[in-house]
Amino acid sequence: MPASNSSAGRADAPTLLVQLTDTHLLAEPESVMCQVNTDASLRAVLDLVRANGHRPDLLLATGDLAQDGSPAAYRRLRALLEQTDWPVRCLPGNHDDPHALRHALGLWTQPVTDIGAWRIILLDSSVPGSNGGHIDDTQFDLLERAAALAGDRHILVALHHNPVQMDSKWHDDMMVDNAQALFQQLASLPRTRVLLWGHVHQAFDRRRHHLRMLATPSTCFQFAIRDGRHVLDDAAPGYRWLKLYRDGSLATGVRRIDAATWREAQAA
């Protein structure tokens, strides 16, 4: 399994991860989706990461990186992220073209990365032609092998689709359809500390036994559940930071761009 050369392994230093998700870039950089220029909002979020002094040991981009699966969108994403000089790992979502994504992003799509005292395992939950998610046998085998070879490292598992409903009053037919099987496997892997996803365009933080379950706002438009309905939300874009400590504990939070910057991205 690949190992990181990060300096995050210093005895007293946590590993810093930043999660970006659901960038929804389109073939043309001027394109607008849900009244948002997704290129402009992504740049604003990246600027916010820098402004907050966050220099991640690893940046995770957890799917729906392109809305249209276009090679041009992935090339532009790569160019933007290369400017940061941060190590990057990516996985596909339901709007992505996995082949085009892997062709453009190359080694960034490798599913297992060791960094500090942690092993990061990326699962592909995308299903061709479907907005919903599924963990197939190949991904379960990957998870089992990667966990078995993790040694004494703690484990963070990331995927695109949510394995739990965001709201009990709204039936979510776009989540992982075999989430119970995933949780059964994770229950047998006690060194798994974090299960992280995108897809839902909103923040989420809950515990399930030994797992911290986390979801993150999109870098563009947001969703919410209100009165049992799935609706667009006017909350600003953002990212999640995670400090992963050597003892398996973590600290995490969400940062969002300010209102003025958000208005500019909407008008761009």
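Numbers for residues simply follow the sequence, beginning at 1. Bear in mind that the values here come from a model prediction, so they are computed numbers and not experimental data.
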Linking I/L/V/M/F/W/Y whenever their side-chain heavy atoms sit closer than 4.5 Å, directly or via other members, would M213 and V157 fall into one cluster? yes
Close side-chain approach of L20 and T62, heavy atoms under 4.5 Å: no
M175 with I225, same ILVMFWY side-chain cluster at under 4.5 Å: no
F221 and V36: which non-hydrogen atoms are nearest, and at how many Å? CB-CG2, 4.2 Å
Search all heavy atoms of A235 against all heavy atoms of Q222 and return the closest pair with its distance. O-CG, 3.2 Å
Looking at R76 and A27, would you say the former's side chain and the latter's main chain have a donor-acceptor pair under 3.5 Å? yes
With distance as the sole test, does R89 use its side chain to make a donor-acceptor pair with the main-chain N or O of T113 at under 3.5 Å? no
If two hydrophobic side chains count as joined below 4.5 Å and joins carry through other members, does L91 share a cluster with V127? no
Check whether any side-chain N or O of W118 sits under 3.5 Å from a backbone N or O of G248 as a donor-acceptor pair, and report yes or no. no
Would you say the side-chain atoms of Q139 pair up with the backbone N or O of L123, donor to acceptor, closer than 3.5 Å? no
Residue pair R191, D152: steps toward the salt bridge (charged side-chain N to carboxylate O under 4.0 Å, His left out) verdict: CA-CA 8 Å; R191 298 197 71 80; D152 60 358; 5.8 Å; no
Please determine if D124 and R102 form a salt bridge, counting it only when a charged side-chain N lies under 4.0 Å from a carboxylate O. yes
Contact between H199 and M174 at the side-chain level, heavy atoms closer than 4.5 Å - yes or no? yes
Would you say that L142 contacts P111 through its side chain, given a criterion of any heavy-atom pair below 4.5 Å between the two side chains? yes
Stepwise, does the side-chain contact (heavy atoms from CB on, under 4.5 Å) test hold for L42 with L80? CA-CA 9 Å; L42 173 58; L80 278 171; 3.7 Å; yes
Can you tell me how far the SG atom of C220 sits from the CD atom of Q266, to the nearest 0.5 Å? 11.0 Å
When you compare the side chains of N131 and H161, does any donor N or O come within less than 3.5 Å of an acceptor on the partner? no
Does the side chain of W86 come within less than 4.5 Å of L46's, by heavy atoms? yes
How many angstroms lie between atom CD of E264 and atom CG of N37, to the nearest 0.5 angstrom? 12.0 Å
Report the distance from atom CG of D137 to atom CD of E144, rounding to the nearest 0.5 Å. 11.0 Å
Is there side-chain contact between L122 and L159, with at least one heavy-atom pair below 4.5 Å? no
What about F183 and W197, same hydrophobic cluster or not, with Ile/Leu/Val/Met/Phe/Trp/Tyr joined at side-chain heavy-atom distances under 4.5 Å? yes
Please check: side-chain N/O of R119 versus main-chain N/O of A146, any donor-acceptor pairing under 3.5 Å? yes
Take R193 and I155 through the side-chain contact (heavy atoms from CB on, under 4.5 Å) test and state the conclusion after the steps. CA-CA 6 Å; R193 310 296 188 198; I155 296 171; over 6 Å; no
Euclidean distance, L195 CG relative to R206 CZ, rounded to 0.5 Å: 12.5 Å
Taking atom types as modelled and ignoring hydrogens, do the side chains of D97 and Y74 form a donor-acceptor contact shorter than 3.5 angstrom? no
Pairwise distance CG(L65) to CG(L81) - rounded to 0.5 angstrom: 8.5 Å
Does R207, at its CZ atom, have more than 12 non-hydrogen atoms belonging to other residues, nucleotides or ligands within less than 6.0 Å? no
Would R256 count as a cation-pi partner of W262, with NZ or CZ less than 6.0 Å from the six-membered ring centre and within 45° of the ring normal? no
Could you check N162 against F204 for side-chain contact (heavy atoms from CB on, under 4.5 Å), going step by step and ending with a plain yes or no? CA-CA 10 Å; N162 51 307; F204 179 87; over 6 Å; no
Within one Ile-Leu-Val-Met-Phe-Trp-Tyr cluster: Y245 and L211, side-chain cutoff 4.5 Å: no
Do H134 and N178 have side chains that approach each other closer than 4.5 Å (heavy atoms only, starting at C-beta)? yes
Minimum heavy-atom separation for V45 and G238, please, with both atom names. CG1-O, 3.9 Å
Fit a plane to each ring of H95 and H24, take the angle between them on a 0 to 90° scale, and name the class: parallel (under 30°), tilted (30 to 60°) or perpendicular (over 60°). perpendicular
Measure the CG-CG distance between L16 and L58 for me, rounded to the nearest 0.5 Å. 9.5 Å
Non-hydrogen side-chain atoms of N52 and Y239 separated by less than 4.5 Å: yes
For the residue pair P163 and L182, what are the closest heavy atoms and their distance? CB-CD2, 4.3 Å
Given side chains that start at C-beta, do those of V18 and L60 come closer than 4.5 Å, heavy atoms only? no
Should the heavy atoms of other residues, nucleotides or ligands under 6.0 Å from NE2 of H210 be counted, would the total exceed 12? yes
Check whether more than 12 heavy atoms from other residues, nucleotides or ligands sit under 6.0 Å from atom CG of D141, and answer yes or no. yes
Evaluate I120 against V112 for side-chain contact (heavy atoms from CB on, under 4.5 Å), listing each step before the verdict. CA-CA 6 Å; I120 313 302; V112 181; over 6 Å; no
Check this for me: does any side-chain nitrogen of one of R226 and D233 sit under 4.0 Å from a carboxylate oxygen of the other? yes
Test item: side-chain donor near acceptor, R240 and T252, under 3.5 Å: yes
Using a cut-off of 6.0 Å, state whether more than 12 heavy atoms not belonging to E82 lie near its atom CD. yes
Side chain T192, main chain L189, donor-acceptor under 3.5 Å: yes
Closest approach of S41 to P237 (non-hydrogen atoms, all atoms of both residues): CB-CG, 4.4 Å
Among L17, I121, T15, whose side-chain contact (heavy atoms from CB on, under 4.5 Å) with L156 holds? L17
Does N94 offer a backbone N or O that forms a donor-acceptor pair with the side chain of S126 under 3.5 Å? no
To check you understand the geometry: which heavy-atom pair defines the closest contact between D96 and A66, and what is its length? OD1-N, 3.0 Å
